[in-house]
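Each remark here refers to the structure printed beneath this line.
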Amino acid sequence: MKKSSLSALFEDTATAFRYKSDAAVRKAYLIFSLLNHPWLSAIASGAATLALKLRLPVEFLIRKTVFDLFCGGEIIESTALAVERLGKYAVHTILDYSVEGENTEAGFDHVMQETIRTIERASKSPFIPFSVFKVTGLGHAALLEKVHSKSSLTKGEAEAFERVQHRVQAICQKASELDIPILIDAEETWIQDPIDDLAYDMMKRYNAKRAIVFNTFQLYRVQGLLILKDAWEAAAREGYFLGAKIVRGAYMEKERGRAEKMGYENPIHPDKDATDKAFNEGLEFCIQHHDRIAMMCGSHNEYSSQYLTTLMKLHHIEPADERVWFAQLYGMSDNISFNLASEGYRVAKYVPYGPVRSVMPYLLRRAAENTSVAGQSSRELVLIRKELNRRKASR
């Protein structure tokens, strides 16, 4: 390592923010200052939602603030600048069409077609190594919930689910044809089983030579580590490679609230320590079985990122090994992304795109995440303030 430790490396703000202009760093500071106050963030989010619902002309303001910070553009072509800017510093891009609420068959078909466009775009760019989609972008969540519960489907529901399966297969087939790995995002536990089944079916079809299809494993789930191990056993038994994106999880409040309301056991670990332990054990399991598993560590946690680099060294895995990726969201944890990339590790940013109005649910989740995850906004603020002071002192 060039530095005494990765912990010191993650403090290198000159590397972390070198892709941002002074104005962009100041804008990020203002936005994270807002997010660091939950009540202010809640008021701003509520006001933005109401203004959009009332068709008030606020899209320009949103576009120039949180949208610019967390999104790459409104259409796929407009993401090119972000892709090039990140790629200049060896940080790759995962284009994420983040439009939600398109709950019509035509809307689901459009999401499928747009996802295929991201695969085609990735095949033409050295900076876009993956594509991604959510199954709820391809079919109704209520339908997935019914399939998950093993309830009998009506003829219309069965036909609708067949269309979901067709859309998933069309995306994965295109990914296989163009040799672009595809990430299938995880969702709420009460709809996750059919998503897993679809992912494993696609792996059997397309992962014979290497991991093209990746499923996402949420390690804040009590059963998360067991689910990961079972997936590896199935892959080893049936002779395909497991693509595993490892995350903590994104639906903690919803999961706990639903479990309490409906009177079943909470599927989420009781505290952060238990989740962290499971997550790091998941990383260790993947590295121990890297002959069969290609993995992506989707995390903003500095310790977990450092721990994974340590595991790679212990198992003699080079930083540039294509079977191990680190990933963070665009606009967040640049100290992890850019500093790992500077050391030769494979790093990618999720770069969402879509019309401002349609991407608002995504932006609201980012606001909620930064205010609910202990220390997230505070850590971002400390690093941005440090960088502002460094630039001022260097003049």
(message) I'd like to know if Ile116 and Tyr206 are part of one continuous hydrophobic network [Ile/Leu/Val/Met/Phe/Trp/Tyr, side-chain heavy atoms within less than 4.5 Å].
(response) yes
(request) Among Asn215, Val213, Ile171, find the residue that satisfies the side-chain contact (heavy atoms from CB on, under 4.5 Å) test when tested with Met202. (result) Val213
(request) I would like to know whether Ile212 and Asp179 meet side chain to side chain contact (heavy atoms under 4.5 Å, CB included); could you show each step before the answer? (result) CA-CA 7 Å; Ile212 290 292; Asp179 200 32; 3.5 Å; yes
(message) Side-chain heavy atoms nearer than 4.5 Å, only ILVMFWY residues, links allowed to pass through others: does that put Phe241 and Ile246 together?
(response) no
(request) Please assess Ser176 against Arg205 for the test side-chain hydrogen bond (donor to acceptor under 3.5 Å, both in side chains), listing each intermediate value before the final yes or no. (result) CA-CA 9 Å; Ser176 178; Arg205 297 188 189 206; over 6 Å; no
(message) If the test is side-chain contact (heavy atoms from CB on, under 4.5 Å), which one of Asp196, Leu198, Val132, Val135 qualifies with Ile184?
(response) Val135
(message) Can you list everything that forms a salt bridge (Lys or Arg N to Asp or Glu O under 4.0 Å) with Arg85? Sequence neighbours excluded, please.
(response) none
(message) For the residue pair Thr189 / Arg258, report whether a side-chain donor-acceptor contact shorter than 3.5 Å exists.
(response) no
(request) Identify the heavy atoms of Arg323 and Asp291 that sit nearest to each other, and give their distance. (result) NH1-CA, 4.3 Å
(request) Show your working on ring-ring contact (aromatic ring centres under 6.0 Å, His included) between Tyr89 and Tyr19 and close with a plain yes or no. (result) CA-CA 8 Å; Tyr89 301 104; Tyr19 79 111; 7.1 Å; no
(message) Test salt bridge (charged side-chain N to carboxylate O under 4.0 Å, His left out) on Glu74 and Arg63; report intermediate values, then the result.
(response) CA-CA 9 Å; Glu74 294 196 69; Arg63 185 182 298 112; 2.8 Å; yes
(request) Enter the distance from Ile336:CD1 to Ser305:OG here, rounded to the nearest 0.5 Å. (result) 4.0 Å
(request) Please round to the nearest 0.5 Å and tell me the distance separating atom CZ of Arg163 and atom NE2 of His140. (result) 8.5 Å
(message) Apply side chain to side chain contact (heavy atoms under 4.5 Å, CB included) to residues Val351 and Leu86 and explain how you reach the verdict.
(response) CA-CA 10 Å; Val351 178; Leu86 295 173; 3.9 Å; yes
(request) Indicate, with yes or no, if Phe285 and Met312 share a hydrophobic cluster defined by side-chain heavy-atom contacts under 4.5 Å among Ile, Leu, Val, Met, Phe, Trp and Tyr. (result) yes
(request) Might you work through the side chain to side chain contact (heavy atoms under 4.5 Å, CB included) test for Gln218 and Arg248, ending with a clear yes or no? (result) CA-CA 5 Å; Gln218 301 179 103; Arg248 281 171 169 78; over 6 Å; no
(message) Students often mix this up, so state it plainly: with edges at 30° and 60°, are the rings of Tyr353 and Tyr97 parallel, tilted or perpendicular?
(response) tilted
(message) Looking only at side-chain N and O atoms, does Gln173 offer a donor or acceptor that is under 3.5 Å from a partner on Glu177?
(response) yes
(message) Count I, L, V, M, F, W, Y as connected when their side-chain heavy atoms are under 4.5 Å apart, and connections chain through other members. Are Phe67 and Leu329 then in the same cluster?
(response) yes
(request) Would you please test Lys124 and Glu120 for salt bridge (charged side-chain N to carboxylate O under 4.0 Å, His left out) and show each step? (result) CA-CA 7 Å; Lys124 299 172 184 176; Glu120 293 169 342; over 6 Å; no
(message) Using side-chain heavy atoms (C-beta onward) and a distance below 4.5 Å, is Val382 in contact with Lys386?
(response) no
(request) Please lay out, stage by stage, how Arg357 and Ile62 fare under the test side chain to side chain contact (heavy atoms under 4.5 Å, CB included). (result) CA-CA 9 Å; Arg357 184 177 296 275; Ile62 295 170; over 6 Å; no
(message) Is it the case that over 12 heavy atoms from other parts of the model lie below 6.0 angstrom from the CD atom of Glu318?
(response) no
(request) Check step by step if salt bridge (charged side-chain N to carboxylate O under 4.0 Å, His left out) holds for Glu302 and Arg379. (result) CA-CA 11 Å; Glu302 293 177 18; Arg379 178 60 171 155; 2.8 Å; yes
(request) Could you check whether the rings of Tyr303 and Tyr307 sit parallel, tilted or perpendicular, using 30° and 60° as the cut-offs? (result) parallel
(message) On a heavy-atom basis, which atom in His92 and which in Pro126 lie closest, and how many Å separate them?
(response) CD2-O, 3.6 Å
(request) I would like to know whether Arg292 and Glu233 meet salt bridge (charged side-chain N to carboxylate O under 4.0 Å, His left out); could you show each step before the answer? (result) CA-CA 10 Å; Arg292 178 69 59 178; Glu233 288 182 2; over 6 Å; no
(request) Heavy atoms only: give me the nearest Tyr330-Phe70 pair and the separation to one decimal. (result) O-CD2, 3.5 Å
